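This report refers to the structure that appears directly beneath it.
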Amino acid sequence: MDFTLTEEQLMVQEAAREFAQNELLPGVIERDEAQRFPTEQVKRMGELGFLGMMVDPKYGGSGLDTLSYALVMEELSKIDASSSVVVSVNNSLVCYGLEAYGSEEQKQNYLTRLASGEIIGAFCLSEPEAGSDATSQKTTALDKGDHYILNGTKNWITNGNSASVYIVIAQTDKEKGHKGINALIVEKGMPGFEIGPKENKLGIRGSDTHSLIFNDVKVPKKNRIGEDGFGFKFAMKTLAGGRIGIAAQALGIASGAYELAKEYAKVRKAFGTEIVNHQAIAFKLADMHTQIEAARLLVYKAAKDKDTGADYDLSGAMAKLYASQVAMDTTIEAVQIHGGNGFVKDYHVERLMRDAKITQIYEGTSEIQKIVISRSITKD
Ligand code: COS
């Protein structure tokens, strides 16, 4: 496969790299420490077209391909995964879902504002007892003719408070199992919709993760995405693309940590020479570089699959499974190479190590990716 980047892709990559250096890096340690949402940075990312990257320009998007999106995710995540997760959720789970499956009215009402970054969105599938086991939805959306009545609780929702529009997955007809699930567009401020407390997290502490509570929320039927009962398939199809975004995020976290470790090893001295001259360190860098390159190829392959209309369930799952493991392994080694300095916040690698962990959990844990992969390779 040819992964030579086009001029446009190189420009987009460079724009993201510059933005991350100039506008995400300043204050990233403080935002992490204070768990402060990157409000200004998200606004700027909207202006740069990063929040609706693949959306058709007629709906306010940038009209770019999935590979460009992956390149941007990688660059932003090298510096600040708390900001890049906002980009990932808004692009893959919210904008993509609405553009691919929403009605024209939903696109006009919501997609245009989401793609331009005027507002941001959230995707609400997980529940206290339905994260991996996504068909076991306890949240209900009862059919009342021209509207649904929504009741239940969603957990660990990224952009939980900062979003204005929420795509909520809920069970309408329990008898029908996953075929009785719907995806509804819920707006902040609808009576009965409450934002729960913010989670105090290990990593991506700048992103705002909340539980959401729905008490008899009246949602008009025109806010349902797709036909009655399409909600579970909608979630699966949307998450399949989301996994490419998170794989690119993991790749970025890994390469950010690797680059810092390599530069550090070239200047830090021990036993009379720069530590890069000790094989114990040089071999770590060799392993990190090799694994990152392998992860990058998997991520690009999955992105290209999506762009060429090929099936990307398998390639996206493999990219996420592998890149998230590489993110974990690489960031742990980057801390090790930094020694005592790696354990303090000023050197950034401890944050990258904490941020890496979530890439093995959200949008399908590594174990879920193995279910998707093993089913796919054994189905014939
Ligand atoms: N695209 C389209 N349809 C899909 C699909 C996909 N990628 N994956 C599953 N489906 C469909 C199946 O074809 C099946 O439909 P039919 O009965 O019409 O054939 C339906 O969805 C149910 O699938 P399945 O029987 O495989 O469901 P399982 O309960 O076995 O669960 C997994 C399948 C584990 C793959 C699914 O529950 C999953 O992805 N869970 C993780 C969800 C997740 O990512 N959570 C994180 C929260 S979001 S941050």
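Along the sequence shown, the residues carry numbers beginning at 1. For clarity, every value in this text was computed on a predicted model and none was experimentally measured. Whatever order the structure lists them in is the order used to number ligands and atoms, beginning at 1.
- With hydrogens left out, the protein atom closest to atom 46 (C) of ligand 1 is Gly364 N, 3.5 Å, a heavy atom.
- With ligand atoms numbered from 1 in the order given, ligand 1 contributes 1 (N), 2 (C) to contacts under 4.0 Å with heavy atoms of Lys237.
- In this structure, Phe193 has its ring center under 6.0 Å from that of Tyr166.
- Summary of contacts: the protein heavy atom closest to atom 34 (C) of ligand 1 is Ile368 CD1, 3.8 Å.
- In terms of protein heavy-atom proximity, atom 37 (O) of ligand 1 is closest to Ser132 O, 3.4 Å.
- For atom 31 (O) of ligand 1, the nearest non-hydrogen atom from the set Arg375, His178, Gln369 comes from Arg375.
- Cation-pi geometry between Lys306 and Tyr96 is met: under 6.0 angstrom from the ring centre, within 45 degrees of the axis.
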- Message: Could you walk me through whether Arg44 and Glu23 satisfy the salt bridge (charged side-chain N to carboxylate O under 4.0 Å, His left out) test, starting with their C-alpha distance in whole Å, then the side-chain angles of each, then the deciding distance to 0.1 Å, before giving a yes or no?
- Response: CA-CA 9 Å; Arg44 282 284 295 134; Glu23 300 185 50; 2.9 Å; yes
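- Looking at atom 45 (N) of ligand 1, its nearest protein heavy atom turns out to be Gly131 O, 3.0 Å.
- For ligand 1, the polar-atom distance check against Lys179 finds a nitrogen or oxygen pair separated by under 3.5 Å.
- Closest heavy-atom approach to atom 29 (O) of ligand 1 within the set Thr135, Asp313, Val89: this belongs to Thr135.
- Closest of all the heavy-atom pairs between Ser77 and Leu352 is O-CD2, 4.1 Å.
- Ring geometry for Tyr264 versus His338: interplanar angle under 30°, hence parallel rather than tilted (30 to 60°).
- Residues Ala183 and Ile167 approach most closely at CB-CG2, 4.3 Å, considering heavy atoms.
- Among all protein heavy atoms, the one lying closest to atom 49 (S) of ligand 1 is Glu363 N, 3.3 Å.
- The residue from Met236, Arg243, Lys233 that puts a heavy atom closest to atom 19 (O) of ligand 1 is Lys233.
- Listed by number with element, the atoms of ligand 1 under 4.0 Å from a non-hydrogen atom of Leu239 are 43 (C), 44 (O), 48 (S).
- If you check which protein heavy atom lies closest to atom 23 (O) of ligand 1, you get Phe232 CE2, 4.0 Å.
- Atom 25 (O) of ligand 1 lies below 4.0 Å from none of the non-hydrogen atoms of the protein.
- Every N/O-N/O distance between Ser126 and ligand 1 stays at or above 3.5 Å.
- Under 4.0 angstrom from ligand 1, there are no non-hydrogen atoms of Trp156.
- Salt-bridge check for Arg296 with Glu74: passed, with a basic side-chain N closer than 4.0 Å to an acidic carboxylate O.
- In summary, Lys221 and Asp143 engage in a salt bridge, as defined by a charged side-chain N under 4.0 Å from a carboxylate O.
- When all heavy atoms of Ser68 and Val12 are compared, the pair lying nearest together is O-CG1, 4.2 Å.
- Between Asp80 and Arg31 there is a salt bridge, with a side-chain nitrogen of the basic residue lying less than 4.0 Å from a carboxylate oxygen of the acidic one.
- For ligand 1, none of its N or O atoms has an N or O atom of Val372 under 3.5 Å away.
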